[in-house]
Amino acid sequence: MQKSLDIFKAEPQSVFDVLCDRKNTGFYMPAYQRPYSWEEKHIQDLFADCENVFRNLLESSDAIIFLGSLLTVDDSAATTICPLAKRHTPTHIKLVIDGQQRLSTLVLILLCLNERLNILLPKLKKSIDKEIDVNLADSLEDLREIVSQLIQDTSNFVVETQAEHDLYKYLPKVIRSQVDCWGKDDKKANYTSPLSEALLHYQRHIIDSKKTNGFKVMNLDNLSKRIVDNIKVIRKQLDDVQVGFKANKDETFLTVADLVNKETFDVCLDFPIDESLLIVSDKYTDIQSVIFITAFAKFLLHRVCLTYVEVNNESYAFDMFEALNTTGEPLTAIETFVPKVIEHIGYKRKQDADVDADADADADAAIKTLTGITERFEVITKTKDKNDKAKALILSFVRAYQGKVKITTLRDQRDAMIKSYDSCLYIDKDNYLNHLKETSDFLFDYWQAKTPDLTNFVGSNELEQANICLRYLTDLKHDIASSLLVQFILQDKKYNTLVTSDSSFVKALKAVTAFSVLWRVMSGGADGIDNVYKKLHEKGFKIGDSEFPPYQLKNNISLSQEKFDIELVKSYFISELESKIITKDSPESTIETKWLDICSKQPILTKNKNIKLLVLSAFHNLELSTEGFVRSDEKRNNFYTASMWDLLSNNDRISKVYAPGSSDINSFADQKIIQPEIFNKIGNILVDARCNITNNKNQSWHSLRQKMLEVQNNESIDNIDKLLNSESMVSDETKRNASVLIFERKYAEITYFDEWTEQAINERTKLLLSNAWENLIDWLK
């Protein structure tokens, strides 16, 4: 029977045990580990804990600090290392599963302690040279030996090799997957992660210092901001340490006299401080600093501990990490998915090396693709935001890939990613990763953008309509539709039809939008619309008597139009829409008239946020002429623009001709319009583009009508065609002003009526809905 101790071992180890005594050990941060993120407060808290326990050590040998756990897997065979320069790695390699933040910070503190001790050592030597008292000189010499040993111990933030290169013979003790590579020469070595870059930078500083007189503070130019900030914080903390922990305002700072003849310093730190050192500290001002920094360095190395856990394989390690990580931030499903991909890439690199000359290049390309995905999440600082975006990516991609997906819990999300990847054929795993990358690009850059803009993604002729469609869908958080859009994006990218008139994505985007608007207006809400997409992706669908397989990327990597046909999707949407219309039991005879009948009774103006695209569709290409209401595609009737959408998005722009509380009902000829089911119909809409028509309370119909007539007499409205065709239309401000004027032209549809009555509202309702149907159904044909 296998014993648990054969699977893992756990024991308390000091910082010296973990970092300094393991001279030939390197620590490797796998790809799913988050970037180094400790900030000033974390470091200040660590030093504050050290000070408190250091003070306790003056009285008790039990004084010790446990920082937490360090969970590793031995990978001295370098099976998970990527990129890998063979025979250029440390003798022992530990894959860090948990504890990388505290480990990285301890390494930085060692670096700063080494720097400080190197700066203080020459001052100590000068004191020795000056001292004429033999006993005092011996005490100073003993102190010098301790400092020299500490310099050697704290220099183990690198692994020294037998290589000849002055700089690259020293391997940074901590590196990160994908961005760093251990190497014993400048051709193999690559250190671009913030921490490993800083370690090499300091090693270069040590080498350069040997060529000059004296050891100076390392220049921090060109290092990452987080590393620079933290080194500055550590240096400031060490400044306070070497004057007796002066930073703590709640405590009197210590003096060397407080440390003299403390047995615990002899027993616990192997650093006895007697009256001789007290005398020389009073005699030479720098010696006090040396004593305190030395005592602190000894304390950090030997009295600050971690629970060091080593597991014999990564699978066990991850299970243990989940158990230990009860108070930290849980890893997202994307982060736990990364090792699966790394494992496959490593396997592929080894297996294909003998038969494929491009195996390494293909593996490097896959790593680059994976990095493109993970980097999206690394810049997100808030845990909730990171989890929300991971959830959205999984919902969109896994549904597009295999149809059904359950993402209620974090475990669901992890299972969804790993199972979909495991079920993917070996030869298709690169495509899987590429498709995941394209999906993340679309979601981050467009779907989740603050103001979605498809420039460089959609041709200029379709850009305005595509942008308002995307804004409509993202406003509604209609996330389930993103899976279908992703499938057609992938098809366009494969066949180079993106940004062309043959783009399936644009057709899909407009079709999804039209279907959503027509469905929601009729139903007063979502009313099961998600089930239409679930049927499309999970089970397959029927159109008439014909049956079609589900739209899934799995096993359909070709992305051919035969497998993903946008015209077929449009027909499916129309079929589902017609079925829904029929269930509403309208007495009308045709699908269009049934829809108009159903929607004309809906209180549409109660949900202004959801009706913006309906309003634009109702107004688009419709105008009042001398011959009555006609459809016209003149520029003055183009409402499918981003500036129109932005105007409707402003508060109070969508208003009502008759609105309870702001209109005098007694001045309206028909008292029936006071009923909500009447005044909330779309025929009662008034888009107040400047917020200056409906701003008076209790105004009468005739007062309101007069204001609208005066606005229509604006010469700019008469010259709108000239303005729209002018070169000045390129500026956003001009476009916005033109949009205001175009909206104000629509007042003619209201002032057309002498009295504002139920009949007027009903007539205008049918007019606008009929025009909206005609515009939107065109996107489904």
Side-chain angles (χ1 to χ4, degrees), residues 12-21 47 49-65 109-110 112-114 116-156 237-246 248 251-305:
Q13 292 193 358
S14 67
V15 172
F16 178 84
D17 295 331
V18 173
L19 290 171
C20 304
D21 203 31
F47 271 85
D49 289 343
C50 286
E51 177 186 352
N52 291 334
V53 179
F54 183 90
R55 288 176 182 271
N56 292 339
L57 186 63
L58 297 176
E59 309 299 332
S60 171
S61 61
D62 293 335
I64 197 166
I65 294 177
I109 294 175
L110 285 185
C112 292
L113 271 172
N114 187 270
R116 186 62 55 97
L117 290 165
N118 269 303
I119 290 172
L120 290 173
L121 183 60
K123 297 177 181 180
L124 174 56
K125 289 179 178 178
K126 285 183 180 179
S127 299
I128 293 173
D129 292 340
K130 290 179 182 178
E131 185 53 54
I132 58 175
D133 185 302
V134 174
N135 291 330
L136 296 182
D138 286 346
S139 293
L140 286 172
E141 183 61 34
D142 290 342
L143 179 59
R144 186 197 65 77
E145 289 183 7
I146 293 173
V147 170
S148 296
Q149 183 60 49
L150 281 173
I151 289 175
Q152 184 176 334
D153 290 341
T154 55
S155 68
N156 289 329
Q237 294 295 321
L238 293 179
D239 288 343
D240 295 330
V241 166
Q242 70 182 43
V243 291
F245 295 98
K246 196 173 182 179
N248 193 335
E251 297 271 1
T252 57
F253 61 92
L254 296 172
T255 66
V256 174
D258 295 319
L259 313 183
V260 172
N261 294 327
K262 293 296 181 180
E263 184 180 355
T264 52
F265 270 47
D266 188 2
V267 173
C268 301
L269 302 184
D270 193 22
F271 183 37
I273 299 175
D274 58 16
E275 286 82 359
S276 296
L277 282 182
L278 176 61
I279 293 171
V280 293
S281 69
D282 290 336
K283 194 172 182 180
Y284 304 106
T285 56
D286 291 325
I287 298 303
Q288 174 184 291
S289 297
V290 175
I291 290 172
F292 272 112
I293 288 295
T294 300
F296 177 79
K298 285 273 192 176
F299 175 83
L300 180 84
L301 293 182
H302 300 287
R303 306 300 289 183
V304 176
C305 300

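All values reported here derive from a predicted model rather than from experimental measurement.
- Sorted by first then second residue, the ring pair (Phe, Tyr, Trp, His ring centres under 6.0 Å) pairs that include residues 255-292, not counting sequence neighbours, are Phe54-Phe265.
- Among all heavy-atom pairs drawn from Pro272 and Leu277, the shortest one is O-CD1, 4.2 Å.
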Audit row: Asp286, Leu124, side-chain contact (heavy atoms from CB on, under 4.5 Å) steps and yes/no
CA-CA 7 Å; Asp286 291 325; Leu124 174 56; over 6 Å; no
Leu110 and Cys20: side-chain contact (heavy atoms from CB on, under 4.5 Å), yes or no, with the steps?
CA-CA 9 Å; Leu110 285 185; Cys20 304; 4.2 Å; yes
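- Ile65 has its side chain within reach of Val304: a pair of non-hydrogen atoms, C-beta onward, lies under 4.5 Å apart.
- Every side chain to side chain contact (heavy atoms under 4.5 Å, CB included) that Asp138 has, sequence neighbours left out, goes to Val134.
- Within the 4.5 Å cutoff, side-chain heavy atoms of Phe16 are placed close to those of Asp153.
- Minimum heavy-atom separation, Ile151 to Asn114: O-ND2, 2.8 Å.
- Nearest heavy-atom pair, Val290 versus Leu143, reported as atom, atom and distance to 0.1 Å: CG1-CD2, 3.8 Å.
- Atoms CD and CZ, on Glu51 and Phe296 in that order, are 9.5 Å from each other to the nearest 0.5 Å.
- Side-chain contact check for Leu136 versus Leu140: every heavy-atom pair is 4.5 Å or farther apart.
- For Glu131 against Ala137, the heavy-atom pair with the smallest separation is CG-N, 3.7 Å.
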Stepwise salt bridge (Lys or Arg N to Asp or Glu O under 4.0 Å) test for Arg116 and Asp239:
CA-CA 9 Å; Arg116 186 62 55 97; Asp239 288 343; 3.0 Å; yes
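- Put simply, CG on Asp282 and CD1 on Ile279 are 8.0 Å apart, with the number rounded to the nearest 0.5 Å.
- In this structure the side chain of Leu57 reaches within 4.5 angstrom of the side chain of Leu269, judged on heavy atoms.
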Derivation and outcome, side-chain contact (heavy atoms from CB on, under 4.5 Å), residues Leu150 and Leu301
CA-CA 9 Å; Leu150 281 173; Leu301 293 182; 3.8 Å; yes
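- Annotation: side chain to side chain contact (heavy atoms under 4.5 Å, CB included) contacts of Gln152 (sequence neighbours excluded): Lys23, Gln149.
- Between Lys298 and Asp270 the shortest side-chain heavy-atom distance falls below 4.5 Å.
- Using a 4.5 Å heavy-atom cutoff, the side chains of Ile273 and Lys262 are not in contact.
- With a 4.5 Å cut-off on side-chain heavy atoms, Lys283 and Lys130 do not count as touching.
- Remark: Arg303 CZ to Cys50 SG distance equals 12.5 Å, nearest 0.5 Å.
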